[in-house]
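Take a look at the structure below.
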Amino acid sequence: MLERSKLADNALQALHDEDYDLPFNTQSLNHDGLIFMGGRPSESLNGEWTFCVDLLDTGLRQKWFSMLPEAPEDRTEPWDYDPYMGETVPVPSNWAMLKEKWYFFEGSAWYTRPLDMDNVDGEKRQFLRFGAAGYDCKIFLNGDFLGNHYGASTPFCVEVTGKLHKGRNWIMACVNNIRTKDRVPMHNTDWFNYGGLYREVCVFETPASLISDFFLYLVPDGTYSKICAEVSISGAQSGEARLSIPELSIDETISIREGGGRVTISAAPRLWSPDTPALYDVSLAFGEDRVSDRVGFRQIERIGTDIVLNGAPQFLRGISVHEDDAVLGKVTTEEDLRRRFEHARELGCNYLRLAHYPHHERAAEIADELGFLLWEEIPVYWAIDFANPATYRDAENQLKELIKRDRNRASVIIWSVGNENPDTDERLDFMKNLAETARHMDPTRLTSAACLVNHANNRIEDRLADYIDVIGLNEYYGWYEENFEDLAKIGENSNPDRPVVVSETGADGVIGPKGPAKGLFSEDYMADVYRKQISTLRQLSYVKGMSPWILYDFRVERRQNIFQNGYNHKGLIAADKKTKKKAFQILAEYYREIAALEESARKAS
Ligand code: GCU
C-alpha cells in the first residue's frame, strides 16, 4: 500500500514523525479573535456532521484534512478515514452520550461538513464561531489548517475571509479531549470528561470594519449616575460609533482612535437586582456594523466582610451546579437551563455557583432576565501544572474569553480563578496573576476562588485570600471531615477581613432502594449533614452566602462504589432532575427563613 499511495511519502513519513502535531498547536484561536455577537445575524452549522474517532491521531499524521472528495471508485489508494461519507453525529453533542463504544473514548475525533456558499461578498468578512469544543480543537477549511483553540468551555471565532469560495467548501474540526497534566483542568477531575463539539456552531458575515468588543456598565462609584461604554473595532483605526439606549434617552457618539474608544454618560437607570431584574435594550453602530444587547445596570462591591449590591448588603442563598445531564451529557438546552433556574427558585435561591468552568452563555442571559446572581469560574481545579508557563497562558486565555463573553451580564458578580488548589508558591503566583488579570479586564466585579482551610489549626487560612475579594470556603464537615465539631472551631478561630462564601458543603445521598437505609450514602445521613451544617454556619457572621454541593447528581468516572455507579450523589435532586431528596426541603426552609428576616428588616428600615 505505501509504495503506490500518493500519500505514500506522507504516510511513510507520518509513521516516523512523532512531532506530527507541533504545527497544529498554534493556539492562535483565542480571546484576541473573539467577536462580539449580540444581535449579530448568523447561519447555524448545527446538525449532522460526518464523524470518526481517531485514537492515534492518524488523521494528523496522514493529513486527512487535505483529502479532496473523490468517489470511492475513483480512488487510487485505501483511505483510513472517509471525511465525506460514513457515520454522522449531531452537533452539538458529546460523543460519549451517542454510542456505548465512545463512552470512555479519550482522544481525537474528526467532524466534517460541507458549507455551500451561493456567493462570497469580497467586501465583507466571514467568520466561523464555535460555542465550545472539548478540549483542543483544530480547524481546517478546504484542506488548510486555520488554527487551534485550547479550553473546553469557552467560545472562539475563526476568520475565514478570503478562504471561503463560491460553491462547496469543506470544514473539518479535529477535537481532542485527552487528559494531560498541563491542561486546564489537568487529568484528574471530579466531573466527566465530555469531548466533542457540544455547543452551537455558526458562520457569520460582517462589514470590513466591525465591532469586535463592547463592554457596557454602571460606573461603580456609588453614585449610580454614570454609564460607561468601552468599544473595540477591528478593521479600522478611527471613526465614530453610536450608542443608543432609547429608554434612557441616550444617543451618544463614541470617538474611535487607534481601534478603540470609551465614553462615560450621565444616566439614572433603574438598578438591576434579583428582585428588580431591569434590563435595557442597547444598540451600537460603527459604519455598516450593528450589534445590540440587553443590559442591566448595578454595582457590586465588598465593604469589609459584606457583599454589597447597589448599596445593600447581601446574603447569597445559593446552590452549585455543573453542566451535566443523564441524556445530554454537557450539552445545554434552553429547557435544561430554565429547569435549573426553576429548581433554584423553588429552593429559595438568589444565587448560583456555575462550577467549575464557564457554562453556556445562555445561563447568564437567563439569570439576567430572571434575577439570579452568579459566580462564574475557570477550571483551575486541584493540582494544575502551576509552574508551567504554557499552562498559565491556557488558563489566562480561558479567563479572558469568559470575561469578554459575559461581562455585559449584570447577573455575573464574581469571577472565580479556581478551586481547591494546593498551597504552593507556584500556585499563589499563578492564581494571584489570574485574579489581577480579571480585575484589570473588569474592575466592576469581585474575584474569588474556592480556598483552603488549615485543618491543623482549624482556621480559614490561604495566602491567596489577600489577592481576591471573596473567600470561597469548600468544607465537608460531616462527610469527608469526620469531626463535625471542628467546623465550629473554624468559626471561632477565623477572623477574615473580607466576605466568606461557603462555596461547597454537602454529602452523598442515594435515593430509594439503590441507597442504604442509614449511614454514609443514605438519604437520611445526607439530610442530617445539612441540618448540622446549617445550625453551625448560621452562627458565623462573616459567612455571607453559601452554594452547597450540588443541585443535581452528576456523572463522574471516579465514583464507582456500589452506591455511586459512576455518579456523584451529592445532588439535592437525583440525576433524573425531578426526584428531590430530603435535604432539599431542609435547605429551602433555611433560605425561606433568611429571606423572611431580610424582608422584615427592609420593612423596618
Ligand atoms: C470537591 C470539589 C468538587 C467535588 C466535591 C465532591 O470540593 O470541588 O468538584 O465534586 O468536592 O467531592 O463531591
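Keep in mind it's a predicted model, so treat the numbers as computed, not measured. When a ligand or atom number is given, it counts from 1 through the structure's own listing order. In this chain, numbering begins with 1 at the start of the sequence shown.
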At what distance is the nearest protein heavy atom to [atom], and which residue and atom is it?
atom                    : value
atom 7 (O) of ligand 1  : Glu420 OE2, 2.4 Å
atom 10 (O) of ligand 1 : Asp190 OD2, 2.5 Å
atom 5 (C) of ligand 1  : Tyr476 OH, 3.4 Å

Taking atom types as modelled and ignoring hydrogens, do the side chains of Asn474 and Ser503 form a donor-acceptor contact shorter than 3.5 angstrom?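 Checked: Asn474/Ser503 side chains pair up, N/O donor to acceptor below 3.5 Å.
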
Out of Arg558, Glu504, His569, whose heavy atom is nearest to atom 1 (C) of ligand 1?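 That would be Glu504.
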
[X] heavy atoms, cut-off 4.0 Å: which ligand 1 atoms fall inside?
X      : value
Lys570 : 6 (C), 12 (O), 13 (O)
Phe554 : 10 (O)
Asn474 : 7 (O), 8 (O)
His356 : 3 (C), 8 (O), 9 (O)
Tyr480 : 6 (C), 12 (O), 13 (O)

Heavy-atom contact check, 4.0 Å cutoff: does Arg559 meet ligand 1?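 Heavy atoms of Arg559 do come under 4.0 Å of ligand 1.
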
Regarding ligand 1, does Asn419 bring an N or O atom to under 3.5 Å of one of the ligand's N or O atoms?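 Yes, there is a polar N/O contact under 3.5 Å.
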
Tyr381 versus ligand 1: do any nitrogen or oxygen atoms come within less than 3.5 Å of each other?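 By distance alone, the answer is yes.
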
Val556 contact mode with ligand 1 (heavy-atom cut-off under 4.0 Å):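 It is neither; nothing of Val556 touches ligand 1.
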
I need the contact type for Trp549 against ligand 1. Using non-hydrogen atoms and a strict under-4.0 Å cut-off, is it side chain, backbone, both or neither?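 The part of Trp549 near ligand 1 is the side chain, not the backbone.
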
Against His360, only a single residue in Glu200, Glu365, Glu323 fulfils side chain to side chain donor-acceptor pair (under 3.5 Å); can you say which?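 That would be Glu200.
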
Answer yes or no on whether Lys544 is positioned over the face of Phe315, meaning its NZ or CZ is under 6.0 Å from the six-membered ring centre and within 45° of the axis.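 Checked: cation-pi criterion not met.
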
Within 45° of the axis and under 6.0 Å from the centre of the six-membered ring of Tyr357, does NZ or CZ of Lys330 qualify?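 Yes, cation above the ring, under 6.0 Å and within 45°.
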
Quick check: [Y] with [X] (ring centres under 6.0 Å apart)?
X      : Y      : answer
Phe51  : Trp102 : yes
Tyr552 : His343 : yes
Phe105 : Trp95  : yes

Partners meeting side-chain contact (heavy atoms from CB on, under 4.5 Å) with Val501 (sequence neighbours left out):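 Val501 satisfies side-chain contact (heavy atoms from CB on, under 4.5 Å) with Ile307, Leu316, Tyr351, Val470 once adjacent residues are dropped.
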
Decide yes or no for Leu572 and Lys581: does some side-chain heavy atom of the first lie under 4.5 Å from some side-chain heavy atom of the second?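 They are not in contact (no side-chain heavy atoms under 4.5 Å apart), so the answer is no.
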
